Amino acid sequence: MRNALLLALLCASALTGCTTFKMTAPDSMVVLNEPEYSNYQWRSTTPDGVILAVKVIEQSKEEGKNPSATLDFWTEAIRLRLRTQSGYALTEEADVTAKTGEKGKQLRFGRDDNGTPHVYWVTLFRTKRFVHVVEAGGKRDLFEKQQKAIEAAIADYEVVQ
Amino acid sequence: MKLESLFAPGPRSCGRLALMACLLVLFGAACSTSRYYQPAGGYEEAAPSSDGYQLESVAVSDSTGGWFSSDAPRAARAPAARAAMAPAPMAAGSIPQPMEQSFVADAGPRMVAGPANNPGGEKGGAASEKPRNSPLLIYTGQVVLAVFDVTATQDRALATIESFGGYSSQRNAQQMVFRVQAERFREALDALKKLGDVLRLDWAAQDVGEEYRDLQIRLKNNIDMRERLLEMLGGAKEIEDALAVEQQLERITLEIERINGQLRSLQDRLAYSTISIQFSPIAVTQVPKSDYRLPFAWLNQLGLEFLMQL
């Protein structure tokens, strides 16, 4: 686990210096300064805690060569991980397209936390070298107010090759 | 008149005293063991084949070798050798059957004789003069098997033992007990061992020859005594005497039945070996169930708990 965290930190720090995506925060959100050790390369929030975030994972060379590490593979891995092990219910699944044309998948989950329903979206884009993960979530009533803006932000997501 | 009253003080007739003396002698004889009746020449010579002793001879090849030869005492080769046995009239090392008719009808146990105990095959000389107490072996085996699927393996074990003419006398979730003809004990055990990984294998050959012979001699003595008592009963002139004899007859009859039961049990265990198999699931490392984790750290850092932690 420690090695994994270290690897993630190294990956994050390595990616900090190079641009792999372009994301514009909705007007209702402010962009946070993510520390170097953060799991996210970019994150923004509304005043009431609805979050939009991006993490870009560099696939190792072997993973990149592995034909099974496709968008479908990562989509299925996330679906199983969240549904079977984290208590999320998959409410919707959709194909999405980045502004730069990359085809992606969007998984929309719901989860009750202490009686409060929450919404959690995971949107995936994959390039040869990177997996782009765009996450959005928050309390359902608050999230629904931001849903249009979040959908627009994701539609404007740019993958920088 | 009760038997005790014979010993009570008072006037007695000569006939009653004679009856009492006879009963005492017979009682002593019935309690005796083979040591008192077995002639010096050995049991076989003393056993009259004409009055109910069914003697069988077995021809055993000592070249059976194989399975038992490396790790078992020589006597333990008997099961393999028994397969080659053929009934024949009285011979050294054979097993006399009990006198009772029920035993005469049974297929009695056989024992090792011939070359195994008399390598030279001599019919005379010193070897034939000595009494030979050849072993009568009861075979039992215990196997602990590690198997993949206990129920399916138990079914296969049952089919295996049935293919050898045996049967299962007990079955539960962990254990089965099989009975198989003694001459097929080795084959059956070998076949059953192949059903899994043998974690433990124990077998034993218990020699019950002396016990068997003792029982037979006690049976013969009791039958003889019963015959004499019957004669006395026929000659009894007074009711009291007849009742006393009948009491003894009842006791002797019960004793004969008890010995017959013991002999039947021995014969069954001699004819059919017992193999107990304990089935144990093969120990494996736990297979990860739903809590598996792919070796991609970022996958395990998805979720609202990470996203909303500012």
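Atom set for the values below is all heavy atoms of this structure, side chains included, hydrogens, waters and symmetry mates excluded. This is a predicted model, so every value here is computed, not measured. Residue numbers start from 1 in every chain, and the chains themselves are labelled A, B, ... in the order their sequence lines are given, proteins ahead of strands.
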Trainee: Once rounded to the nearest 0.5 Å, what's the spacing between atom NZ of A:Lys55 and atom CD of B:Gln301?
Mentor: 5.5 Å
Trainee: Rounded to the nearest 0.5 Å, what separation is found between the CE atom of B:Met308 and the NZ atom of A:Lys139?
Mentor: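 Reported to 0.5 Å precision, the distance equals 7.0 Å.
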Trainee: More than 12 foreign heavy atoms under 6.0 Å from CG of B:Asp202: is that the case here?
Mentor: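 Check passes, neighbour count above 12.
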Trainee: Can you check whether A:Arg81 reaches B:Leu302 side chain to side chain, under 4.5 Å on heavy atoms?
Mentor: no
Trainee: If the condition is side chain to side chain contact (heavy atoms under 4.5 Å, CB included), which residues does A:Pro117 pass it with, not counting sequence neighbours?
Mentor: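 Only A:Asp112, A:Arg140 meet the side chain to side chain contact (heavy atoms under 4.5 Å, CB included) criterion with A:Pro117.
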Trainee: For atom CZ of B:Arg200, decide whether the heavy atoms of other residues, nucleotides or ligands shown that lie under 6.0 angstrom number more than 12.
Mentor: no
Trainee: Which class fits the ring pair B:Phe296 and A:Trp74: parallel under 30°, tilted 30 to 60°, perpendicular over 60°?
Mentor: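 B:Phe296 and A:Trp74: perpendicular rings.
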Trainee: Quick check on the interface: out of A:Ile78, A:Leu82, A:Thr45, A:Val50, who has the most heavy-atom pairs with chain B under 4.5 Å?
Mentor: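 Most heavy-atom pairs under 4.5 Å with chain B: A:Ile78.
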Trainee: Looking at B:Leu304, is its backbone amide N or carbonyl O close enough to the side chain of A:Arg111 to form a donor-acceptor pair, meaning the two atoms are under 3.5 Å apart?
Mentor: no
Trainee: Need one label for A:Phe109: side chain, backbone, both or neither, based on atoms under 4.5 Å from any heavy atom in chain B.
Mentor: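 For A:Phe109, no heavy atom lies under 4.5 Å from chain B.
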Trainee: So, taking the atom named CG in B:Leu299 and the one named CD1 in A:Ile57, what distance separates them when rounded to the nearest 0.5 Å?
Mentor: 8.0 Å
Trainee: If only atom types and distance count, is the side chain of A:Tyr120 paired as donor or acceptor with the main-chain N or O of B:Gly303 below 3.5 Å?
Mentor: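 Flag set: sc A:Tyr120 to bb B:Gly303 pair under 3.5 Å.
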Trainee: Given the rule in the side chain to side chain contact (heavy atoms under 4.5 Å, CB included) test, do A:Asn39 and B:Trp298 qualify, once you have shown the distances and angles that lead to the verdict?
Mentor: CA-CA 8 Å; A:Asn39 293 325; B:Trp298 66 271; over 6 Å; no
Trainee: Quick one: salt bridge (Lys or Arg N to Asp or Glu O under 4.0 Å) partners of B:Glu162, sequence neighbours excluded?
Mentor: none
Trainee: State whether the number of non-hydrogen atoms from other residues, nucleotides or ligands found under 6.0 Å of B:Tyr167 atom OH is greater than 12.
Mentor: yes
